[in-house]
Number of protein chains: 2
Amino acid sequence: MTGIERFRLFLKEKGLKFTPERRKIVEEIISFHDHFDVETLYHRLKRKVSLATIYRTLPLLRESGLIREVLRCQGRAVFESVWGHPHHDHLICIVCGKVIEFEDERIEKLQEEVCRKFGFQPVEHRLGIKGYCKECQRKIK
Amino acid sequence: MTGIERFRLFLKEKGLKFTPERRKIVEEIISFHDHFDVETLYHRLKRKVSLATIYRTLPLLRESGLIREVLRCQGRAVFESVWGHPHHDHLICIVCGKVIEFEDERIEKLQEEVCRKFGFQPVEHRLGIKGYCKECQRKIK
DNA sequence: ATCAGTGCAAAGGATTTGCATTACA
DNA sequence: TGTAATGCAAATCCTTTGCACTGAT
């Protein structure tokens with residue numbers, strides 16, 4: 001199943017409509033795997049879809065498991081496409097803003113274990129470690 | 001060393017001043033270990049310290065390691081006092097908003113391992129798992 | 001034919017900032 | 001004394017919303 005099909009199905013199940021605007025948004029999101037904020041997405045869509053519609057569509061994309069919010073950068077929410085990409089977490093440099101992605105299956109497993117322990121059904125999770133990247137540590141010293 | 005002393009020292013090292021307002025804020029934060037947002041803190045301080053000053057002081061408290069931002073709730077940043085409290089992470093129910101705290105030493109250790117691997121010097125980290133709590137799972141079914 | 005979705009512009013709400021004044025160090 | 005901090009109010013900036021119109025199912 002493609003991401004677009006997935007979204008279409010999700011909308012159908014909820015009795016919502018698959019509009020041209022929503023199609024453009026999903027297509028754009030799936031074609032890139034970088035981090036993006038709303039403004040960036042808006043420009044990538046060449047302003048063919050209004051900001052209001054983007055803001056109204058993002059929650060649906062989250063619910064359907066196509067994107068997730070990874071972090072906040074100066075008040076702005078930053079998302080990433082999740083479809084077809086292995087889950088990973090982030091190291092965020094508080095000096096230069098660089099983001100390093102990493103995967104650790106063991107951490108994932110332990111999280112699942114914790115959820116079971118509390119009878120909690122996880123939907124989305126986010127692990128962000130803020131600190132100084134290698135380069136910025138040097139600069140400071 | 002108490003939290004207040006720690007903050008005082010931090011300010012001194014940075015050439016900043018320890019004012020009555022900052023003292024009130026630290027005292028208040030240390031006396032509670034719950035989660036709090038800016039508005040709540042403002043009211044706890046009985047409005048003796050202005051919102052502007054609170055907003056200007058919070059980053060300093062973060063840098064000095066006394067508090068950390070744990071999550072965002074409808075746009076509002078939520079913090080918690082970290083001083084003298086073991087690190088923990090959160091399960092956040094997306095239906096009722098309940099927050100369950102948990103500690104897992106093994107996850108912490110793995111995070112340190114990841115940081116070493118990337119030569120990254122961690123300052124603060126945050127693991128939040130969103131999903132359905134036990135009660136809300138029942139309600140939905 | 002309906003009911004949800006869209007764009008626009010206005011509203012909202014948290015956070016930041018300019019400025020004159022105050023007060024630590 | 002000199003520099004940073006405070007409070008106030010205005011300004012920002014991201015995000016949400018009301019409304020009249022459009023369009024997917």
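Below, chains carry the letters A, B, ... as their sequence lines are ordered, and counting in each starts from 1.
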Map B:Arg72 and B:Leu16 onto DNA chain C by nearest heavy atom, then report which one ends up closer to the 5' terminus. B:Arg72
Hey, which of these two, A:Leu51 or B:Leu51, hits DNA chain C nearer its 5' end, going by closest nucleotide?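 Upstream on the strand: A:Leu51.
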What is the distance, rounded to the nearest whole Å, between atom [atom1] of [X] and atom [atom2] of [N]?
| X | N | atom1 | atom2 | answer |
| --- | --- | --- | --- | --- |
| B:Phe79 | C:dA14 | CZ | C1' | 11 Å |
| B:Ile25 | D:dT6 | CD1 | C1' | 11 Å |
| B:Glu39 | C:dT15 | CD | C1' | 12 Å |
| B:Lys24 | C:dC24 | NZ | P | 10 Å |
| B:Tyr42 | C:dG13 | OH | P | 17 Å |
| A:Leu45 | C:dT6 | CG | P | 12 Å |
| B:Arg23 | D:dA5 | CZ | C1' | 16 Å |
| B:Gln74 | C:dT15 | CD | P | 12 Å |

Heavy-atom nearest pair, A:Val99 first then A:Leu71, reads CG2-CD2, 4.2 Å
Could you give me the CA-CA distance, side-chain angles and deciding distance for A:Val78 and A:Glu69, then say whether side-chain contact (heavy atoms from CB on, under 4.5 Å) is met? CA-CA 6 Å; A:Val78 175; A:Glu69 188 184 314; over 6 Å; no
Which comes earlier along DNA chain D counting from the 5' end, the contact point of B:Glu21 or that of B:Lys17, where each point is its nearest nucleotide? B:Lys17
If you assign A:Thr19 and A:Val38 each to the DNA chain D nucleotide with the nearest heavy atom, which residue ends up on the more 5' nucleotide?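 Result: A:Val38.
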Would you say C:dT16 has OP1 or OP2 under 4.0 Å from some side-chain N or O of B:Tyr55?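 So the side chain of B:Tyr55 is outside the cut-off, no N or O lying under 4.0 Å from OP1 or OP2 of C:dT16.
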What is the nucleic acid contact for A:Lys48, judged by heavy atoms within less than 4.0 Å: base, sugar-phosphate only, or nothing?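 The answer is sugar-phosphate, as A:Lys48 gets under 4.0 Å only of primed atoms, P, OP1 or OP2.
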Give B:Arg56 one of three labels, base, sugar-phosphate or nothing, depending on what nucleic acid heavy atoms sit under 4.0 Å from its own. base
Taking the ring of A:His125 and the ring of B:His90, is the distance between their centroids below 6.0 Å? no
Check for me whether A:Arg44 meets the cation-pi criterion with A:Phe32, that is, NZ or CZ under 6.0 Å from the six-membered ring centre and within 45 degrees of the ring axis. yes
Can you tell me how the ring of B:Phe118 sits relative to the ring of A:Phe102, calling it parallel under 30°, perpendicular over 60° and tilted otherwise?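 The arrangement is tilted - the two ring planes meet at 30° to 60°.
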